[in-house]
Amino acid sequence: METWGDGVGRVPAGVTWGLLAAWAVHDAEELATMARWMREARPWLAERYPRVPWERLEVSQRHASVAIALMGGVVAGTAAVGARTGGRSRAFQAVLAGFGAHGVVHLAQAAAVRGYTPGSVTAPLVVLPFTAWAWRRLRAAGVPVRGGASTWAGLAALPLVLGGVHALAHVLTRPRRPATPLPRP
């Protein structure tokens with residue numbers, strides 16, 4: 001077994017770069033289903049949950065694509081940091097924890113609507129199993145798994161990062177007003 005300088009076993013690339021791969025599989029499902037599902041589900045969601053501002057939550061395919069691409073940048077950067085640090089990075093571990101929590105949220109959403117929601121197929125098949133496997137591999141390699149504050153910070157940051165990604169996607173995809181011509185002298 002290869003080791004890092006302090007005797008900790010080498011973490012396979014499947015753990016760190018696997019986060020990006022698992023995310024890509026999961027978000028491919030979201031990319032394929034999110035915009036259409038929201039458009040079709042909005043009437044009955046509004047009826048079932050009238051206090052939610054559904055008109056503000058509807059996303060176009062373009063918005064979904066941009067938001068997913070932006071989040072892909074976050075996950076890719078974190079996977080790279082995880083690979084460079086052998087899975088020790090607090091940022092990598094926080095995103096791994098957030099990814100697992102994200103899978104649980106998808107299951108809760110599906111339970112709340114009593115049916116399919118975007119991401120609810122790959123959450124139990126990819127997200128949760130990958131997350132559990134990655135934590136086991138980190139521990140088996142002797143990597144200090146930083147629970148506690150960094151994990152809670154990652155979980156707390158998840159809605160902020162998702163909200164930020166969607167806010168930026170909204171800005172980047174909003175319809176542009178045509179430029180008004182300058183008055184002629």
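Positions are given from 1 along the sequence. Keep in mind it's a predicted model, so treat the numbers as computed, not measured.
- Atom OG of S60 and atom CZ of R174 lie 13.5 Å apart (nearest 0.5 Å).
- By the 4.5 Å heavy-atom criterion applied to side chains, L96 and L138 are counted as neighbours.
- In this structure a side-chain-to-backbone donor-acceptor pair under 3.5 Å is missing from R88 to G82.
- The two residues M34 and I68 come nearest to each other via the heavy atoms CE-CD1, 4.4 Å.
- Remark: side-chain polar atoms of R137 are not paired, donor with acceptor, to backbone N or O of V15 under 3.5 angstrom.
- Across V113 and Y49, no two heavy atoms sit closer than the pair N-OH, 4.3 Å.
- Under the 4.5 Å side-chain heavy-atom criterion for Ile, Leu, Val, Met, Phe, Trp and Tyr, V126 and V105 are members of distinct hydrophobic clusters.
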Pair M71-V161, side chain to side chain contact (heavy atoms under 4.5 Å, CB included): steps then yes or no: CA-CA 8 Å; M71 193 63 186; V161 171; 3.8 Å; yes

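- Shown here are the side-chain hydrogen bond (donor to acceptor under 3.5 Å, both in side chains) partners of E40, two or more places apart in sequence or in another chain: R36.
- Checked against salt bridge (charged side-chain N to carboxylate O under 4.0 Å, His left out), R136 has no partners two or more places apart in sequence or in another chain.
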Derivation and outcome, side chain to side chain contact (heavy atoms under 4.5 Å, CB included), residues V52 and L45: CA-CA 9 Å; V52 176; L45 286 170; over 6 Å; no

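- Of all the heavy atoms in V81 and S89, the pair that sits closest is CG1-OG, 3.2 Å.
- Between L107 and P124, the shortest heavy-atom contact is CD2-CD, 3.8 Å.
- Here the closest non-hydrogen pair linking A123 and P129 is O-CD, 4.0 Å.
- Summarising the geometry of G86 relative to V11, their closest heavy-atom pair is O-CG2, 3.0 Å, with the distance given to 0.1 Å.
- Side-chain contact between T16 and R84 is absent, with no heavy-atom pair separated by less than 4.5 Å.
- Using the six-membered ring where Trp is involved, H63 and H166 have ring planes that are parallel, under 30° apart on the 30 and 60° scheme.
- No continuous path of ILVMFWY side-chain contacts below 4.5 Å connects V165 to V171, so the two sit in separate hydrophobic clusters.
- You'll find the side chain of S65 reaches within 4.5 Å of the side chain of Q61, heavy atoms only.
- Tracing side-chain contacts under 4.5 Å through hydrophobic residues (I, L, V, M, F, W, Y), one never reaches L160 starting from L168; they form parts of separate clusters.
- Here the side chains of L19 and F130 are in contact, with some heavy-atom distance below 4.5 Å.
- In this structure the side chain of T33 never reaches within 4.5 angstrom of the side chain of V121, judged on heavy atoms.
- Listed by first then second residue, pairs satisfying side chain to side chain donor-acceptor pair (under 3.5 Å) with a partner in residues 17-29 read W23-D27, H26-E30, H26-H102, H26-H106, H26-T122, E29-Y116, E29-T122, not counting sequence neighbours.
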